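Only one structure is covered here, and it is reproduced in the block below.
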Amino acid sequence: MNNISIVILAAGKGSRMKSPKAKVLHNISGKPMLYHITKESLHVSDDVTIVVAHQKDAVIAEISKDFPDVTFVVQDDVNFPGTGGAMKNVTAKNEKVLVLNGDMPLITADALQGFLDTNADIVLSIFDLVDPSGYGRVKIENGEVSYIVEQKDASKDELCITHVNAGIYAFKKEILEKYIPKLSNANAQNEYYLTDVIKMAKDDGLLIKPLLVDEEHFKGVNSKIDLAASEVIMQNRIRNKWMAEGVIMNLPETIFIEEGVVFEGECIVENNCRITGKSLVKNSIIKSSSVVEDSVVIDSDIGPLAHIRPASHIEATHIGNFVEVKKSTLKGVKAGHLSYLGDAQIDEGTNIGAGTITCNYDGVKKYKTIIGKNVFVGSDTQLVAPVIIEDDVMIAAGTTVTSATVPKGSLVISRTKMKFLEGFYYKFFGKK
Ligand code: UD1
Ligand code: MG
């Protein structure tokens with residue numbers, strides 16, 4: 001890989017998020033911000049270090065489960081708060097070190113390439129914003145960076161600078177070794193700012209180049225407003241990727257697809273759908289306003305207005321409106337209307353009538369419902385689990401099947417006998 005180390009700063013509190021959860025663990029498209037940036041960093045370098053402090057156990061647990069090869073370093077955020085303080089305990093393996101703020105979930109490996117092919121002592125990402133508020137302002141003179149001033153420390157004139165620090169820097173390792181120990185916290189936030197390295201290096205005559213980047217990849221997330229704006233960009237990317245792979249989407253901007261969802265073959269996703277987790281959708285149609293969570297859908301049509309909850313496997317099956325499926329396997333089944341199918345296994349040729357409920361929970365434990373092939377389940381059936389319905393069974397509408405095995409080929413019916421009381425209506429209401 002490249003002769004470069006990457007350091008991701010993820011130790012901050014993120015107080016502007018106004019959340020008990022660490023900022024870098026807030027989700028974009030179903031994964032923590034820090035997951036996205038770590039994933040892209042590992043495409044660029046195999047020496048990736050993440051600096052942690054605030055909620056460090058949660059951050060380490062969340063990230064190391066997907067990326068076991070990442071190194072974690074703990075910041076002494078009490079004595080050395082700030083992005084410069086975060087760098088104090090870091091030792092990079094390579095001569096060039098890319099430092100990334102951990103609140104930049106939109107960064108891509110491609111966008112990091114621009115930092116790698118230059119001989120400047122420091123390369124620093126900047127963009128121009130009409131409204132630069134919140135960002136550090138970058139003073140550029142004769143095409144070179146002179147210094148960065150944080151918003152809270154900036155003078156009136158400096159606040160008008162529209163070049164902002166995007167939050168990614170390439171340093172020669174010796175520059176960090178030299179200047180990080182010299183940082184001071186004499187500023188508005190009493191923090192050790194990594195950005196102060198720039199001025200010290202400039203004063204020593206080093207070459208600091210700005211790299212103009214786009215907000216689309218380098219946007220920082222400090223608040224829930226930024227989080228929502230970044231989600232829009234990430235969703236666009238995810239949808240465009242799948243449409244390019246052949247998925248048809250109706251009104252794509254109304255569809256939410258998480259990172260980790262996979263489509264195969266030709267699929268159609270109608271408007272207002274949400275597909276999450278590690279779902280696989282293959283040769284299927286997900287109709288309007290349906291939700292598919294962490295499930296497999298193959299050769300099937302789902303919805304409109306259906307809810308496929310986690311751990312379901314649906315194959316060659318028709319799921320209609322107002323059907324909820326949870327942790328169930330359906331193969332070659334029709335469940336057209338208004339049903340709850342939970343902890344169930346349902347086999348080929350079986351028809352589930354409207355209003356069928358698997359009563360899977362007794363208030364303490366969950367139980368399974370197993371339904372064989374070619375079963376006809378009449379409308380408004382309750383299946384009180386655990387229950388096994390063998391092949392070729394007919395269940396009459398309105399039946400409650402209680403814990404039992406219903407033998408192959410039988411009819412099961414549980415209804416009170418119907419009776420007519422002739423003339424009752426008129427006796428009760430009188431004649432009109
Ligand atoms: C920082 C930059 C600012 C830039 C902006 C871009 C500094 C001083 N300012 O400001 O110039 O325009 O990013 O988005 O660097 N962190 C730690 N330890 C800490 C504090 C922060 O690891 O003690 C981490 C945070 O977890 C975060 C990153 O550093 O991932 C940036 O911190 P944040 O507080 O968001 O800095 P900004 O105010 O956005
Ligand atoms: Mg920030």
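Note that the structure is predicted; figures quoted are calculated from it, not measured. When a ligand or atom number is given, it counts from 1 through the structure's own listing order. Counting begins at 1 with the first residue of the sequence.
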So do [Y] and [X] actually touch side chain to side chain, heavy atoms under 4.5 Å?
{"X": "F127", "Y": "K219", "answer": "no"}
{"X": "N360", "Y": "K327", "answer": "no"}
{"X": "I140", "Y": "I126", "answer": "yes"}

Is it true that, when you exclude [X] itself, more than 12 heavy atoms of the residues, nucleotides or ligands shown sit nearer than 6.0 Å to its [atom1]?
{"X": "K13", "atom1": "NZ", "value": "no"}
{"X": "N119", "atom1": "CG", "value": "no"}
{"X": "H313", "atom1": "NE2", "value": "yes"}
{"X": "K56", "atom1": "NZ", "value": "no"}
{"X": "K334", "atom1": "NZ", "value": "no"}

Ligand 1 contacted by [X] (non-hydrogen, < 4.0 Å):
{"X": "D103", "answer": "yes"}
{"X": "N222", "answer": "yes"}
{"X": "T195", "answer": "yes"}

What part of E150, side chain, backbone, both or neither, has a heavy atom within less than 4.0 angstrom of ligand 1?
-> side chain

Which heavy atom of the protein is the closest neighbour of [atom], given with residue, atom name and distance?
{"atom": "atom 16 (N) of ligand 1", "result": "G12 N, 3.5 Å"}
{"atom": "atom 23 (O) of ligand 1", "result": "G82 N, 2.7 Å"}
{"atom": "atom 15 (O) of ligand 1", "result": "T83 OG1, 2.7 Å"}
{"atom": "atom 1 (C) of ligand 1", "result": "N101 ND2, 3.6 Å"}
{"atom": "atom 30 (O) of ligand 1", "result": "L9 O, 2.7 Å"}
{"atom": "atom 18 (N) of ligand 1", "result": "Q75 OE1, 2.8 Å"}
{"atom": "atom 22 (O) of ligand 1", "result": "A11 N, 2.9 Å"}
{"atom": "atom 4 (C) of ligand 1", "result": "N165 O, 3.2 Å"}

Give me the ring orientation class for F218 and F115: parallel if the planes are under 30° apart, tilted from 30 to 60°, perpendicular past 60°.
-> tilted

Please indicate whether any nitrogen or oxygen in G102 is less than 3.5 Å from any nitrogen or oxygen in ligand 1.
-> yes

Could you say whether the N/O atoms of G136 and ligand 1 ever approach to under 3.5 Å?
-> yes

Identify which one of D343, L341, T358 satisfies the side chain to side chain contact (heavy atoms under 4.5 Å, CB included) criterion when paired with T369.
-> T358

With I275, which of V291, I286, D294, I238 fulfils side chain to side chain contact (heavy atoms under 4.5 Å, CB included)?
-> I286

Proximal atoms of ligand 1 relative to [X] (non-hydrogen, under 4.0 Å):
{"X": "P81", "result": "23 (O)"}
{"X": "Y193", "result": "8 (C)"}
{"X": "A166", "result": "6 (C), 14 (O)"}

How would you list all residue pairs meeting salt bridge (Lys or Arg N to Asp or Glu O under 4.0 Å) that involve residues 200-211, not counting sequence neighbours?
-> E144-K202, K178-D204, K199-D203

Donor + acceptor pair across side chains of Q382, T400 (<3.5 Å) = yes

Is there a side chain to side chain contact (heavy atoms under 4.5 Å, CB included) between I180 and F171 once you walk through the steps?
-> CA-CA 12 Å; I180 292 291; F171 294 99; over 6 Å; no

Between the CD1 atom in I371 and the OG1 atom in T356, the distance rounded to the nearest 0.5 Å is 8.0 Å

Closest heavy-atom approach to atom 37 (P) of ligand 1 among K13, R16, M104, K23 is made by R16

Which protein N, O or S atoms lie under 2.8 Å from the Mg ion (ligand 2), given by chain and residue number?
-> D103 OD2, N222 OD1

